[in-house]
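These notes are about the structure you will find just below.
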Amino acid sequence: MEFKYDIIVIGAGHAGCEAASAAARMGSQVCLITMDMNKLAQMSCNPAVGGIAKGQIVREIDALGGYMGIVTDKTAIQFRMLNRSKGPAMWSPRAQCDRAKYITTWREIIENTPNLHIWQDTVEELLVENGEVIGLITVWGVTFKAKCIVITAGTFLNGLMHIGAKMLPGGRSAEPASYKLTESIAQYGITYDRMKTGTPLRIDGRSVDYSLMDIQEGENDFHRFSFVSSPRALKQLCCWTCYTNEESHEVLRKGLDDSPLYNGQIQSIGPRYCPSIETKIVTFAERTQHQLFLEPEGENTQELYLNGFSSSLPIDVQLEAIKRIPCFRNVTAYRPGYAIEYDFFDPTQLLHTLESKKIKNLFFAGQVNGTTGYEEAAGQGLVAGINAHINCYGGEPFVLRRDEAYIGVLIDDLVTKGVDEPYRMFTSRAEYRILLRQDDADMRLTERGATLGLVDAERMTVLEYKKANIAGIIAFAESFSLKPEKINDALTLLGTTPLSQGCKLVDVLMRPQITIANIAPHIEKFSELLEQIKERKEEIIEAAEIRIKYKGYIERERIVADKIQRLENIRIKGRFDYDSLQSLSTEARQKLKQINPETLAQAQRIPGISPNDINVLLVLLGR
């Protein structure tokens, strides 16, 4: 073998798999280095994909030609669309997956992608010459040469697991940590710190009293993660919910002295929005119960994941506390929960392409950038893989704007604001979330994926078919006139006010009681138009209806986004010596020098930069 490649991806988690497969399909010769080929895209924590805002990221990955959505659909054992009671900007798909099948499906993709090779080993040292990465050395002494390297090492860098007073080196349960790589990178001036995350105990389903729990059914309608997936193939299962109680809380409180989180054993910061059970009973001491979700790990396994009970307390405390909950009185666990500390690198040291500002052709993606979650990692991995290929073969850098994708919001937040805790995506982080809905990710991004060579002609044909039919429905609704005498009986039947005079169909569709599905049977020509849609009918109707009902909101947000985009077009990188600008505040000078923003809009988003600072820069640019 000749250990020489265009791109090497270190780590085969969700970020690594997306990075490697994207770069290889674009034409780069890629090597994916992993400690264990049998753990590709392992779901280290809960066996689920998607959720609030995370589901939107997966839809965007799919629209760009990534694989996460396709793999999720193939291995889904429960699907739900969250936030249906809210507007469509908040709708978020989520799926439980078969953990084992998810891995084997990803491995099948990776092993059959042209230009992509897997090497099982651990990377120990980065090779850099003249400020540019040229290769690496593994723990077995193999030297690889590469034009670009993408680091997606997850929680493995100097990973340390905690259960009570017991500490064990590792990147994941029963898997070794990666040593020396952090220090090899840091010697070139790249700063790093420590973060913490955790996972709950796993339960034997045969020991649970389900009669004392509430069942949570899934949905089996037309919704999918991928815009080109077939109907779900696996058996669809349910989840269950229950609550902790004061008895279990008392056991947990008594164990706090032995908690690594509270006795000083763990120094790093954990995820605010996914706290451990011991953090919950301390932070929310007034609460007498906390909801737990019992989720299946696979189609044919008894192993269950206890969502909401992440813990690093001693094993006996975890088990005693859980047994105080009625449905778990006789519970048997497969393994305890634990916390893990690991190294991450300050993401403000990255460009929007996820390339290091300090070492040319070195990219970082996933939890090594301070994020948490499979979806955030996969989105970063896709962008890093694309840009690594572009660095090898030329082309314009691939950057997603904040009004273009949640992935754009994620990366801009990381490189502009940095992180002081594990970063998790929420809809509230996106100021243009009405433009970034899960239903229109294909409309926003598929053409960009095609330009990159990641989307094939068949998928573009599907998109054009969908676009044409949505446009047809909207055009009909805007032009078709309704007469009171012909439609009022139907409107009364549907619980809405009859018309006093004629109007366009689109005006009636704006009413909350009226949908395309319930009004069409009463309008013959409209019904005939819908009958002509032979494929993806429900998806097309839903997309058209959202555009009709929320047209005003969408247009208003687009105007705001376009105004801000003017600042995005004002490039300031390299145009100022910030230390010399005494008209700026001291904090502004320090922050602008550290981040060195590309555009005025990015400068505006840096914490500590005031509107007055932006005005000063505008005046100086005018000169």
Of all the heavy-atom pairs spanning Gly66 and Leu382, show the shortest one and how long it is. CA-CD1, 4.3 Å

Does NZ or CZ of Arg429 fall inside the cone over Tyr423's six-membered ring, less than 6.0 Å from its centre and within 45° of the axis? yes

When you compare the side chains of Gln602 and Thr416, does any donor N or O come within less than 3.5 Å of an acceptor on the partner? yes

What residues, two or more places apart in sequence or in another chain, satisfy side-chain hydrogen bond (donor to acceptor under 3.5 Å, both in side chains) together with Lys467? Glu447

Restricting to side-chain contact (heavy atoms from CB on, under 4.5 Å), what partner residues turn up for Arg556, sequence neighbours left out? Tyr553

When Arg401 is tested against each of Glu568, His352, Gln565 for side-chain hydrogen bond (donor to acceptor under 3.5 Å, both in side chains), which residue passes? Gln565

Sequence neighbours excluded, the answer for side-chain hydrogen bond (donor to acceptor under 3.5 Å, both in side chains) partners of Arg272 is Glu421

For the side chain of Glu557 and the backbone of Leu435, is there at least one donor-acceptor N/O pair under 3.5 Å apart? yes

Is a salt bridge present between Glu404 and Arg444, judged by a nitrogen-to-oxygen distance below 4.0 Å? no

Thr113 side chain to Leu116 main-chain N or O, any donor-acceptor pair under 3.5 Å? no

What residue among Val383, Leu400, Ile386 forms side chain to side chain contact (heavy atoms under 4.5 Å, CB included) with Leu64? Leu400

Hey, does the side chain of Ser28 reach the backbone of Val30 with a donor-acceptor pair shorter than 3.5 angstrom? no

Would you say the side chains of Ser92 and Asn83 form a donor-acceptor pair under 3.5 Å? no

Do Leu509 and Ile516 have side chains that approach each other closer than 4.5 Å (heavy atoms only, starting at C-beta)? yes

Tell me whether Arg232 forms a cation-pi arrangement with Phe79, defined as NZ or CZ under 6.0 Å from the six-membered ring centre and within 45 degrees of its axis. yes

Between Phe526 and Phe476, does a ring-ring contact (aromatic ring centres under 6.0 Å, His included) hold up when you go through it step by step? CA-CA 8 Å; Phe526 195 30; Phe476 180 90; 5.2 Å; yes

Cation-pi, Tyr67 ring and Arg25 (6.0 angstrom, 45 degrees): yes

Hits for side-chain hydrogen bond (donor to acceptor under 3.5 Å, both in side chains) against Asn369, two or more places apart or cross-chain, chain-then-number order -> Gln380

With side chains defined as the heavy atoms from C-beta onward, is the minimum distance between Ile572 and Pro597 less than 4.5 Å? yes

Is it true that atom CD of Gln291 has more than 12 heavy atoms of other residues, nucleotides or ligands lying nearer than 6.0 Å? yes

Atom SG in Cys148, atom CD1 in Ile7: separation rounded to 0.5 Å? 5.5 Å

Look up atom CD in Glu297 and atom CG in Asp98, then write down how far apart they are to the nearest 0.5 Å. 9.0 Å

Answer whether the closest heavy-atom distance between the side chains of Leu82 and Arg80 falls below 4.5 Å. yes

Quick one, Tyr273 with Phe426, criterion ring-ring contact (aromatic ring centres under 6.0 Å, His included). Give me CA distance, side-chain angles, the key distance, then yes/no. CA-CA 10 Å; Tyr273 302 105; Phe426 288 103; 4.6 Å; yes

Contacts of Glu545 meeting side-chain hydrogen bond (donor to acceptor under 3.5 Å, both in side chains) (sequence neighbours excluded), chain-then-number -> none

Under a 4.5 Å cut-off applied to non-hydrogen side-chain atoms, are Val9 and Thr152 in contact? yes

Can you give the donor-acceptor pairs under 3.5 Å from side chains of residues 482-490 to other protein atoms, not counting sequence neighbours?
from, atom 1, to, atom 2, distance (Å)
Asn488, OD1, Leu499, N, 2.6
Asn488, ND2, Pro484, O, 3.3
Asn488, ND2, Leu499, O, 3.0

Heavy-atom side-chain contact between Leu350 and Leu414 under 4.5 Å: no

So, the side chain of Gln56 versus the backbone of Ala53: is there a donor-acceptor pair under 3.5 Å, distance only? yes

Apply side-chain contact (heavy atoms from CB on, under 4.5 Å) to the pair Asp440 and Arg547, showing each step before the final yes or no. CA-CA 10 Å; Asp440 78 334; Arg547 282 160 178 73; 3.4 Å; yes

Quick one: salt bridge (charged side-chain N to carboxylate O under 4.0 Å, His left out) pairs with a partner in residues 367-390, sequence neighbours left out? Lys54-Glu375, Lys54-Glu376

Is Lys357 reaching over with its side chain to a backbone N or O of Asn596, donor-acceptor style, under 3.5 angstrom? no

Are the side chain of Gln78 and the backbone of Glu219 linked by a donor-acceptor contact shorter than 3.5 Å? no

Which atoms form the tightest heavy-atom contact between Ala365 and Leu354, and what is the distance? CB-CD1, 4.5 Å

Looking at residues at least two apart in the chain, or sitting in another chain, which of them share a ring-ring contact (aromatic ring centres under 6.0 Å, His included) with Phe222? none

Would you say the side chains of Gln236 and Asn220 form a donor-acceptor pair under 3.5 Å? no

Say whether, by atom type as modelled, one donor and one acceptor occur between the side chain of Gln216 and the main chain of Cys238 under 3.5 angstrom. no

With salt bridge (charged side-chain N to carboxylate O under 4.0 Å, His left out) as the test, would you mind laying out the steps for Glu295 and Arg94 before giving the verdict? CA-CA 13 Å; Glu295 303 169 340; Arg94 183 181 189 273; 3.2 Å; yes

Strictly distance-based, threshold 3.5 Å: is any side-chain N or O of Lys466 a donor or acceptor partner for the main-chain N or O of Ile540? no

Test item: Glu299 side-chain N/O and Lys235 main-chain N/O as donor-acceptor pair under 3.5 Å: yes

With distance as the sole test, does Asn387 use its side chain to make a donor-acceptor pair with the main-chain N or O of Phe398 at under 3.5 Å? yes

Is Gln96 close to Phe293 at the side-chain level, that is, under 4.5 Å between some pair of heavy atoms? no

Return the set of residues passing ring-ring contact (aromatic ring centres under 6.0 Å, His included) with Tyr374 (not counting sequence neighbours), or none when no residue passes. His14

Any non-hydrogen side-chain atom of Ile61 less than 4.5 Å from a side-chain atom of Ile407? yes

Decide, yes or no, whether a salt bridge links Asp442 with Arg459 under the criterion of side-chain N to carboxylate O below 4.0 Å. no

Applying salt bridge (charged side-chain N to carboxylate O under 4.0 Å, His left out), which residue pairs with at least one partner in residues 378-400 are found, sequence neighbours left out? none

Which residue pairs satisfy the salt bridge (charged side-chain N to carboxylate O under 4.0 Å, His left out) criterion with at least one member in residues 405-418, sequence neighbours excluded? Arg402-Asp412, Arg402-Asp413, Asp412-Arg605, Asp413-Lys417

Between Ala384 and Phe363, what is the shortest heavy-atom contact and its length? O-CD2, 4.1 Å

Quick test of your reading: applying salt bridge (charged side-chain N to carboxylate O under 4.0 Å, His left out), list the pairs with at least one residue in residues 507-535, sequence neighbours left out, ordered by first then second residue. Glu531-Lys537

Pair Lys504-Ser479, side-chain donor/acceptor within less than 3.5 Å: no

Ser229 versus Asp73, side-chain donor and acceptor atoms under 3.5 Å: yes

